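I have placed the structure first, in the form of structure tokens, so that the comments after it can refer back to it.
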Amino acid sequence: MRLESSVLALGLIHVAWSTPADPLSLPKQARNDSNDGLAYSPPVYPSPWMDPNAQGWEEAYIKARDFVSQLTLLEKVNITTGVGWMGERCVGNVGGVPRLGLRGLCMQDGPLGIRFSDYNSAFPGAITAGATFSKHLLRDRGFNMGSEHRDKGIDVMLGPALGPLGRMPLGGRDWEGFGVDPYMLGQMTGAVVEGIQNAGVVACAKHYIANEQEHFRQSGEATGYGFDIAESLSANIDDKTMHEVYNWPFVDAVHAGVGSVMCSYQQINNSYGCQNSATLNGLLKGELGFQGFVMSDWQAQHTGAASAVAGLDMTMPGDTSFNTGVSYWGSNLTLAVLNGTVPEYRLDDMAMRIMASYFKVGRTVETQPEINFSSWTRQTFGYLHPASEENWQQVNFQVDVRGNHAHHIRETAAKGTVLLKNNYDALPLKKPKFVAVVGDDAGPNIAGPNGCSDRGCLQGVNAMGWGSGTSEFPYLITPDSALQQQAIQDGTRYESVLSNYEWDKAKALVSQPDATAIVFVAADSGEGYLNVDGNMGDRKNMTLWKNGNDLIKNVSSVNPNTIVVMHTVGPVEVTEWYDNPNVTAILWAGLPGQEAGNSITDILYGKHSPGRSPFSWGPNRESYGVDVLYKPNNGKGAPQQDFTEGAFIDYRHFDKVAPNKGDEGAPIYEYGFGLSWSAFEYTDLVITPRSPQPYQPTVGQTIAAPSFGNYSDDLNEYTFPDDIRRIDQFIYPYLDTAESGEAASGDRNYGSTAEEFLPAGATDGSPQPLKAASGANGGNRQLWDVMYEVQATITNTGAAMSDEVPQLYVSLGGEGEPVRVLRGFDRIERIAPGQSVQFISQITRRDLSNWDTVSQNWVITDAPKQVWVGSSSRNLPLVGNLQ
Ligand SMILES: *[C@@H]1O[C@H](CO)[C@@H](O)[C@H](O)[C@H]1NC(C)=O
Ligand SMILES: *[C@@H]1O[C@H](CO)[C@@H](O)[C@H](O)[C@H]1NC(C)=O
Ligand SMILES: *[C@@H]1O[C@H](CO)[C@@H](O)[C@H](O)[C@H]1NC(C)=O
Ligand SMILES: *[C@@H]1O[C@H](CO)[C@@H](O)[C@H](O)[C@H]1NC(C)=O
Ligand SMILES: *[C@@H]1O[C@H](CO)[C@@H](O)[C@H](O)[C@H]1NC(C)=O
Ligand SMILES: *[C@@H]1O[C@H](CO)[C@@H](O)[C@H](O)[C@H]1NC(C)=O
Ligand SMILES: *[C@@H]1O[C@H](CO)[C@@H](O)[C@H](O)[C@H]1NC(C)=O
Ligand SMILES: *[C@@H]1O[C@H](CO)[C@@H](O)[C@H](O)[C@H]1NC(C)=O
Ligand SMILES: *[C@@H]1O[C@H](CO)[C@@H](O)[C@H](O)[C@H]1NC(C)=O
Ligand SMILES: *[C@@H]1O[C@H](CO)[C@@H](O)[C@H](O)[C@H]1NC(C)=O
């Protein structure tokens with residue numbers, strides 16, 4: 001499972017430990033390049049240390065303090081540094097503390113289930129889970145996934161994904177998140193993080209931050225595709241947009257107590273995500289008060305000391321690039337602390353953050369379970385250290401961790417299927433006479449459900465995208481098999497043509513009398529290291545794959561009851577056929593996971609209610625106003641991606657440029673849209689103001705940086721111990737020689753002091769002023785004060801029982817603000833015909849605030865503000881003013 005496209009050169013371009021005479025080796029923030037014309041990220045130092053009184057972390061802090069105080073310098077370094085790619089059984093492993101009984105922590109992908117394993121579940125892609133708009137299903141998802149990770153011995157689950165947010169509809173990994181609205185994404189993230197951590201596993205919110213596309217995220221990967229660039233893409237975002245859009249969901253992750261955050265590959269304002277002090281020190285740790293640890297994405301670290309003082313706490317997978325056997329940290333970090341380059345308190349803080357997160361989720365050193373699988377083999381025996389092919393032993397115990405999660409998976413994917421069109425009561429199906437299914441997407445991959453590595457192909461039903469955010473299917477129910485089962489039960493005649501390229505046969509089938517034709521089509525995307533049919537992660541177009549449009553047009557030209565089911569990673573162009581009267585129903589079934597066939601059958605036959613679209617369906621890719629950057633635009637330098645549209649993505653953009661149906665570029669189906677099985681009336685909007693205390697900026701200072709334990713400066717204590725057999729390529733904390741720092745570090749010059757090559761303030765451990773907007777659980781706690789309670793009555797005026805998803809939007813008002821933004825939603829289940837229910841939603845101070853770049857704080861502007869309640873971002877029958 002080596003990723004061939006990965007880089008060789010990363011470590012050579014950004015040498016962490018080179019001499020101060022070479023300015024190019026310095027992190028961008030240490031030089032002042034604000035006059036080179038490119039976006040610039042200001043230095044923010046020192047890196048904030050943990051707050052012993054942070055709410056929810058007090059107990060974890062005490063346990064971590066007690067543990068870390070016992071550690072030697074080498075042991076602290078050990079738990080911050082990965083042992084190298086394929087060094088042990090998990091996709092990421094740090095060193096352990098054998099002396100105290102702690103094995104190295106195990107980090108494993110990912111956001112829809114365990115990757116590289118067996119007897120695990122394959123959950124729906126996050127985009128489908130998001131489409132349920134159900135927080136309780138998301139909490140269950142987190143708990144179920146967390147349990148599976150826990151039972152394999154995994155300590156940190158590498159999910160959820162909330163970056164990409166979904167700025168561009170063709171972004172390759174958009175489907176790994178719950179939807180494109182920051183508020184909705186934040187709410188879902190909070191629920192899933194709680195669930196994961198309640199199961200006793202540390203969650204990891206990723207990728208921090210602005211990791212919106214796959215192209216150019218790593219210069220090495222791009223070079224592999226023939227692009228001649230030396231630096232990764234820079235996402236250039238202004239401070240206001242950063243706060244109001246991209247950072248927003250991370251606030252909810254921190255508020256929910258997330259234990260870890262993964263920094264991203266690409267740069268932000270021309271400073272790499274894993275050494276950007278403005279985002280890591282400033283925003284995440286300083287303003288949001290994040291108490292957990294920051295780990296690098298795999299090979300996203302580019303410097304040693306610079307990344308340490310910029311806020312990175314753990315390097316993954318530990319080697320500079322895969323299988324080099326050397327590290328920016330490990331022995332380099334040991335030396336850097338010994339030399340006073342990286343302050344001792346910073347290393348102590350890294351160790352504290354890692355251990356506090358570990359203890360926070362209820363783990364203890366005494367009860368740490370064994371890892372009982374290996375990422376690198378499905379067999380029982382394998383190498384414990386696959387990179388060096390050492391220690392052949394039992395590595396996989398084939399432990400079945402699936403529990404009864406199939407039920408949850410089936411329900412989520414059904415409730416996350418969106419009914420976009422339903423004419424003449426085409427759905428739900430009621431014992432139809434004859435069902436004729438057409439399309440490759442209804443059937444199996446003949447190479448098996450896991451036939452393509454990391455799901456890097458589109459064969460058969462598209463039940464997940466591709467990349468590291470996938471898992472192996474334990475089985476995959478195809479639509480064809482589930483629909484056939486249902487047909488047999490109902491006495492329905494059933495036939496299928498499981499190909500997009502057998503038109504003569506398909507035509508002969510669907511043109512028969514009484515045929516209910518169901519056409520299955522798909523579009524796929526994934527992570528950038530795999531190129532599937534010319535899609536380098538990001539999609540290259542917004543059309544259906546495999547002539548899907550033609551297939552739908554062909555079927556609907558001869559069949560008057562054509563039902564379209566789309567398994568796609570995001571929006572596709574539907575303009576050529578969506579309003580054809582023969583297309584009686586359209587379903588977006590997203591990425592349903594292992595129960596794909598059962599879930600779609602449950603919806604087609606009305607056993608569950610459908611969900612709502614977590615993104616807009618623009619008429620074409622141009623209509624979104626922003627697109628993936630497919631060609632480098634800065635010579636060999638970092639491609640520059642300017643987020644000039646600010647907050648205007650997805651519905652905020654469409655509401656601005658095409659507010660009315662029929663306007664050119666207006667969405668065909670808007671954000672939040674989806675039909676139910678009934679009709680609902682919205683009445684009686686009641687807005688009740690609450691009177692919280694006036695907002696006070698946070699004041700005061702942090703404590704001085706604490707240190708935990710001592711270390712000796714005798715280099716002899718740090719050399720490789722005689723009683724350990726050295727494993728090839730394995731990353732250790734030890735020095736090669738005690739002769740001198742210089743010799744120990746290879747041929748690097750350590751004759752410098754920190755001041756000479758780290759940015760000003762980087763090593764300062766004195767008490768630091770608190771930021772006005774800061775607080776220990778996502779920011780100033782008054783941001784969660786309730787300002788208004790909004791209530792509305794929803795009545796089922798139709799004839800069927802159905803779920804409804806009421807949505808609340810507000811306008812913040814003023815120049816340059818979106819028409820409205822989502823600030824509340826709920827999924828109210830099983831409302832009977834004639835029944836009325838109450839939708840109640842609280843609007844917090846945070847919900848009504850804008851980011852003020854001058855005061856660097858949240859403010860509620862004087863602009864008039866309104867609230868809307870309805871069933872989608874464009875169907876909002878209730879409106880009122882907020883005083
Ligand atoms: C960088 O340069 C700009 C303009 O020359 C200046 O305003 C800013 O304060 C400098 N920043 C640092 C960190 O030196
Ligand atoms: C990026 O640059 C913009 C424009 O100067 C600035 O508003 C923003 O705060 C910067 N963000 C970071 C993380 O450096
Ligand atoms: C560092 O971790 C490795 C791997 O777990 C272990 O073999 C080694 O003993 C650890 N070193 C120290 C100093 O604890
Ligand atoms: C995994 O299975 C092995 C062997 O049965 C067991 O020793 C270990 O404790 C299990 N791990 C977990 C997390 O249950
Ligand atoms: C220390 O880091 C440098 C890269 O900056 C690398 O060349 C060297 O091999 C590293 N040392 C070890 C022991 O990993
Ligand atoms: C869009 O990309 C897909 C997948 O690579 C391909 O099957 C399809 O033909 C492309 N569509 C167009 C219009 O080029
Ligand atoms: C659509 O029908 C035309 C003939 O009318 C045929 O040539 C073409 O291959 C069909 N395409 C698909 C995808 O069914
Ligand atoms: C709808 O289907 C009928 C066959 O039942 C066909 O004659 C007609 O042309 C189709 N209409 C459209 C708009 O495709
Ligand atoms: C640190 O050093 C002091 C003084 O040498 C000693 O009293 C103390 O026990 C040491 N603490 C640890 C954890 O080694
Ligand atoms: C690095 O630190 C060690 C331990 O303090 C010291 O012996 C060595 O001389 C230092 N290296 C340089 C080049 O200063």
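Note that the structure is predicted; figures quoted are calculated from it, not measured. The first residue in the sequence is number 1, and the count goes up from there. All ligand and atom numbering here is 1-based and tracks the order in the structure. Note: hydrogens, waters and symmetry copies are ignored here, and every other heavy atom, side chains too, is used.
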Just which atoms of ligand 2 are under 4.0 Å from any heavy atom in [X]?
| X | result |
| --- | --- |
| T279 | 13 (C) |
| I237 | 1 (C), 2 (O), 3 (C), 8 (C), 10 (C), 11 (N) |
| N269 | 1 (C), 2 (O), 3 (C), 8 (C), 10 (C), 11 (N), 12 (C), 14 (O) |
| P42 | 14 (O) |

Discussion item. What I want to check is whether the side chains of D319 and Q729 have a donor and an acceptor closer together than 3.5 Å.
Written reply: no
Item to complete: Decide whether N633 and Q641 meet the rule of one side-chain donor and one side-chain acceptor closer than 3.5 Å.
Response: no
If only atom types and distance count, is the side chain of [X] paired as donor or acceptor with the main-chain N or O of [Y] below 3.5 Å?
| X | Y | answer |
| --- | --- | --- |
| H207 | G163 | yes |
| Y718 | D713 | no |
| E390 | D728 | yes |
| E88 | L384 | no |
| Y732 | I727 | yes |

Check ligand 3 against the protein and report each N/O to N/O distance under 3.5 Å, formatted as atom name, atom name, distance.
from, atom 1, to, atom 2, distance (Å)
ligand 3, 2 (O), N78, OD1, 3.4
ligand 3, 2 (O), N78, ND2, 2.3
ligand 3, 2 (O), G96, N, 3.1
ligand 3, 5 (O), G96, N, 3.1
ligand 3, 11 (N), N78, ND2, 3.0
ligand 3, 11 (N), Y734, OH, 2.9

Worksheet item: Residues two or more places apart in sequence or in another chain: which of them pass disulfide (SG to SG under 2.5 Å) with C204?
Response: none
Worksheet item: Relative to ligand 2, is S41 under 4.0 angstrom through side chain, backbone, both or neither, heavy atoms considered?
Response: both
Item to complete: With heavy atoms only and a cut-off of under 4.0 Å, state how D239 meets ligand 2: side chain, backbone, both or neither.
Response: both
Discussion item. Between Y246 and F643, is the ring centroid distance below 6.0 Å?
Written reply: yes
Worksheet item: What part of N332, side chain, backbone, both or neither, has a heavy atom within less than 4.0 angstrom of ligand 5?
Response: side chain
Worksheet item: Any nitrogen or oxygen of Y328, main chain or side chain, under 3.5 Å from a nitrogen or oxygen of ligand 5?
Response: no
Discussion item. I need the atoms of ligand 5 closer than 4.0 Å to a non-hydrogen atom of S331, numbered in the order shown.
Written reply: 13 (C)
Item to complete: Name all pairs fulfilling the salt bridge (Lys or Arg N to Asp or Glu O under 4.0 Å) condition that reach into residues 258-285, sequence neighbours left out, sorted by first residue then second.
Response: K285-D313
Worksheet item: Under the side chain to side chain donor-acceptor pair (under 3.5 Å) test, which residues partner T698, sequence neighbours left out?
Response: N780
Worksheet item: Closer than 4.0 angstrom: is that true for some heavy atom of G304 and an atom of ligand 5?
Response: no
